[in-house]
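Residue numbering restarts at 1 for every chain, and letters A, B, ... go by the order of the sequence lines.
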Protein chains: 2
Amino acid sequence: MAQKVKLSTIADSLGLSTATVSLALRDSSLVAEVTRERIKQSARDLGYIYNRRAASLRTSKSGILGVCVHDIMNPFFGEILKSVEDELDRRRQTFILCNHHDELAKQRSFVDTMLQLGADGLILSPAIGTPASDIHLAEENDLPVTLIARTIEGSGVCGFRGDDAYGMGLAVDHLIGRGHRSIAMIGGTAMTSTGRDREAGYRAALKRGGIEFRDEWRVEGPRDRHSGFDAVSAFLAIEKRPTAIVCFSDLVALGVMYGLSRAGLRPGVDIAVIGYDDIDEAAIATPALTTVANGQSEVGRRAAGALLDRLQGLPASEETILITPELKIRQSSEFAWPN
Amino acid sequence: MAQKVKLSTIADSLGLSTATVSLALRDSSLVAEVTRERIKQSARDLGYIYNRRAASLRTSKSGILGVCVHDIMNPFFGEILKSVEDELDRRRQTFILCNHHDELAKQRSFVDTMLQLGADGLILSPAIGTPASDIHLAEENDLPVTLIARTIEGSGVCGFRGDDAYGMGLAVDHLIGRGHRSIAMIGGTAMTSTGRDREAGYRAALKRGGIEFRDEWRVEGPRDRHSGFDAVSAFLAIEKRPTAIVCFSDLVALGVMYGLSRAGLRPGVDIAVIGYDDIDEAAIATPALTTVANGQSEVGRRAAGALLDRLQGLPASEETILITPELKIRQSSEFAWPN
DNA sequence: CTGAAAGCGCTTACAG
DNA sequence: CTGAAAGCGCTTACAG
């Protein structure tokens with residue numbers, strides 16, 4: 001590579017000052033139309049590359065947003081990210097992705113990097129065990145945070161997620177309405193707000209239906225397809241086997257259906273299965289999976305919107321917004337259960 | 001937020017110079033052990049945040065690597081990313097992710113951002129239609145590139161991917177060995193090196209087996225689960241329906257299996273199905289999916305390693321390294337076909 | 001409408 | 001072992 005092209009290279013080649021060049025490249029009306037065009041042309045010709053860190057050092061704005069979630073490969077997040085991305089694209093913001101795998105250390109190192117780069121904001125699905133003070137640290141250092149999918153007690157920032165207790169209630173109500181009297185719940189952990197709320201919704205619905213909860217019905221843990229598959233053996237070991245299963249997520253449910261098939265049981269015929277999230281795959285799975293649509297794209301769009309509004313100086317909210325979920329009935333829970 | 005804490009804040013509070021503080025925080029042996037500790041303690045106490053853009057402006061190193069692929073949600077990339085990440089973590093490098101969705105504009109905007117931030121290197125699975133000149137532009141501006149999964153004619157940079165023609169040949173040979181004489185191939189496009197190579201491997205294997213290829217056997221296009229599912233109707237419309245299907249990827253194969261089941265056909269019994277990639281799900285799918293293990297983790301690890309080596313001054317290679325794939329035989333192609 | 005000058009917060013020779 | 005000074009490439013008042 002030859003010499004680095006900078007503002008002064010352009011300025012010198014045109015006999016102008018760097019101030020004028022800088023303004024022109026940012027389309028300032030302070031610079032005459034003709035001059036502006038000459039400058040832009042010259043920048044192209046010389047192969048000028050804007051030095052964002054110099055600019056950012058001067059202005060203390062970076063034009064960068066961070067997005068950090070625990071599992072980028074989970075279609076649930078995929079759908080959130082897609083809508084975050086669409087919203088940010090629409091508003092012409094660059095963003096940077098991070099996958100923290102629910103490891104607090106990874107999340108911290110990413111937040112640190114964002115701080116060091118002077119990122120303008122952060123959209124975060126917090127790792128298990130994230131203390132409110134981590135959020136405060138970011139906020140105190142001029143990094144506004146918006147939470148998605150999970151929220152944190154006392155964080156003092158706004159967040160968007162589905163109404164998990166209500167949504168899981170819809171699923172269980174539906175099964176009870178179909179005649180089921182023994183319903184297991186597979187997956188999720190009490191370490192996240194999502195896990196706690198979905199389990200609470202499950203238990204509340206059983207109670208509403210006059211069904212007494214039994215400890216053995218609750219298979220905690222699984223949060224992905226593979227662990228859902230593995231959990232089937234624990235389920236099959238339940239003494240009086242439940243006739244229906246609600247799962248923590250679609251991914252878990254799809255794994256569970258694979259596992260049931262492996263064991264010679266037909267999901268949707270021998271046993272009802274319901275997922276959560278309504279990911280794209282739910283509709284094409286065979287049998288098609290009954291599930292709870294969780295408003296991913298609304299979560300993503302609104303979270304991005306809220307952050308951008310705040311960056312533009314609108315007042316910050318501290319609210320957690322709950323998106324209302326919706327039951328999607330498909331084959332996997334279609335058949336009424338004979339009592 | 002109060003006043004921003006910077007090197008000079010620490011220096012002033014301790015009656016030292018910023019030079020000493022800067023050296024101490026980076027563990028330079030030029031600074032006395034005791035002084036170093038005092039400085040670090042003070043930095044912690046004051047809540048000092050390193051300003052990476054100032055440092056980077058001065059040194060023109062940023063300590064950041066970019067990783068950009070077309071589909072972050074595809075487990076195939078998930079596995080590559082995991083091993084890239086492990087390798088980078090091991091060598092304590094920060095990296096930034098991007099999903100270009102095979103849109104050249106998105107990829108360019110990310111590469112631009114990397115250039116503007118002065119990123120140290122880039123690992124890229126190039127979007128369809130990426131011209132070699134895009135790679136040259138990055139390289140000329142001091143952004144070393146390593147390609148993964150796909151390669152580009154004339155890019156002049158090193159790349160890592162599976163030996164797709166060979167791998168697809170293994171799959172087709174296996175089917176022929178099981179007695180199949182009519183084999184369809186679903187998915188993939190001639191616009192990527194992967195698509196071209198896998199199709200070439202398929203055709204070569206048919207020829208080796210003395211089977212004449214028929215146009216209608218080739219269902220081009222699908223590259224994800226949903227489009228695999230949708231392609232089943234095209235497959236079922238083939239006049240003399242093939243007895244086996246090789247798919248462009250596991251995702252496509254899993255969608256195809258859903259679609260076949262929907263149509264009342266039993267994959268692995270009525271029809272053989274083979275995928276490509278050996279993603280985690282292949283082994284738990286029911287029936288378990290025969291597939292070609294594509295060495296994702298080796299691709300990721302070696303690509304990251306090659307880039308880091310190059311950053312440390314080792315000579316750049318221009319080679320494309322082909323990882324040798326391996327056939328994994330499972331239920332979905334288990335049964336011999338009666339001739 | 002354009003230019004000269006200061007400063008963002010670091011690091012790096014160079015002195016001592 | 002520590003300090004004074006210059007400079008990375010921008011942008012922003014301030015003049016003119």
Which donor-acceptor pairs under 3.5 Å do side chains of residues 154-162 of chain A form with protein atoms, sequence neighbours excluded?
{"unit_1": "A:S155", "atom_1": "OG", "unit_2": "A:I152", "atom_2": "O", "d": "3.2"}
{"unit_1": "A:S155", "atom_1": "OG", "unit_2": "A:V157", "atom_2": "N", "d": "3.4"}
{"unit_1": "A:R161", "atom_1": "NE", "unit_2": "A:T151", "atom_2": "OG1", "d": "3.1"}
{"unit_1": "A:R161", "atom_1": "NH1", "unit_2": "A:D197", "atom_2": "OD2", "d": "3.0"}
{"unit_1": "A:R161", "atom_1": "NH2", "unit_2": "A:D197", "atom_2": "OD2", "d": "3.2"}

For A:R108, the salt bridge (Lys or Arg N to Asp or Glu O under 4.0 Å) test, sequence neighbours excluded, returns A:D134
Worksheet entry | Residue pair A:L7 / A:Y48, side-chain heavy-atom distance below 4.5 Å | yes
Tell me which donor-acceptor pairs under 3.5 Å the side chains of residues 300-309 of chain A have, and how far apart each pair is, sequence neighbours excluded?
{"unit_1": "A:R302", "atom_1": "NH1", "unit_2": "A:E298", "atom_2": "OE2", "d": "3.1"}
{"unit_1": "A:D309", "atom_1": "OD1", "unit_2": "A:R91", "atom_2": "NH2", "d": "3.2"}

Within residues 32-48 of chain B, those residues having any heavy atom closer than 4.0 Å to DNA chain C are B:Y48
To the nearest 0.5 Å, atom OG of A:S62 lies from atom CD1 of A:I96 at 8.0 Å
Residues in residues 111-119 of chain B with a heavy atom under 4.0 Å of DNA chain C, by number, are none
Out of D:dG9, C:dG3, C:dT11, minimum distance to the side chain of B:Y50 belongs to C:dT11
Note, DNA chain C 5' to 3' with Watson-Crick or G-U pairs under 3.5 Å encoded as ( ), [ ], | and . gives |||.||||||||.|||
Review item, nucleotides 12-16 of chain D N/O atoms under 3.5 Å of protein N/O:
{"unit_1": "D:dT12", "atom_1": "OP2", "unit_2": "A:R26", "atom_2": "NH1", "d": "3.4"}
{"unit_1": "D:dT12", "atom_1": "O4'", "unit_2": "A:R58", "atom_2": "NH1", "d": "3.4"}
{"unit_1": "D:dT12", "atom_1": "O4'", "unit_2": "A:R58", "atom_2": "NH2", "d": "3.0"}

Sorted by chain and number, sequence neighbours left out, side chain to side chain contact (heavy atoms under 4.5 Å, CB included) with A:A105 holds for none
So salt bridge (charged side-chain N to carboxylate O under 4.0 Å, His left out) across residues 27-56 of chain B, not counting sequence neighbours, yields B:D27-B:K40, B:E33-B:R36
DNA chain C nearest-nucleotide lookup for A:A54 and A:G15: closer to the 5′ end is A:G15
Exercise. Phosphate oxygens OP1/OP2 of D:dG3: is one of them under 4.0 Å from a side-chain N or O of B:S17?
Worked result: yes
| Can a salt bridge be assigned to the pair B:K82 and B:D86 using a cut-off of 4.0 Å between side-chain N and carboxylate O? | yes
Whichever of B:L30 and A:I49 has the more 5' nearest nucleotide on DNA chain D, that residue is B:L30
Those residues at least two apart in sequence (or on a different chain) that pass salt bridge (Lys or Arg N to Asp or Glu O under 4.0 Å) with B:E319 are none
Sorted by chain and residue number, the salt bridge (Lys or Arg N to Asp or Glu O under 4.0 Å) partners of A:R26 (sequence neighbours excluded) come out as none
The side chain to side chain contact (heavy atoms under 4.5 Å, CB included) partners of B:R310 (sequence neighbours excluded) come to B:E139, B:P144, B:A316
Assign each of B:V31 and A:N51 the nucleotide of DNA chain D bearing its closest heavy atom; nearer the 5' end lies the nucleotide of B:V31
Open item on the list: Between B:D71 and B:R223, does any side-chain N to carboxylate O distance fall below 4.0 Å?
Closed with: no
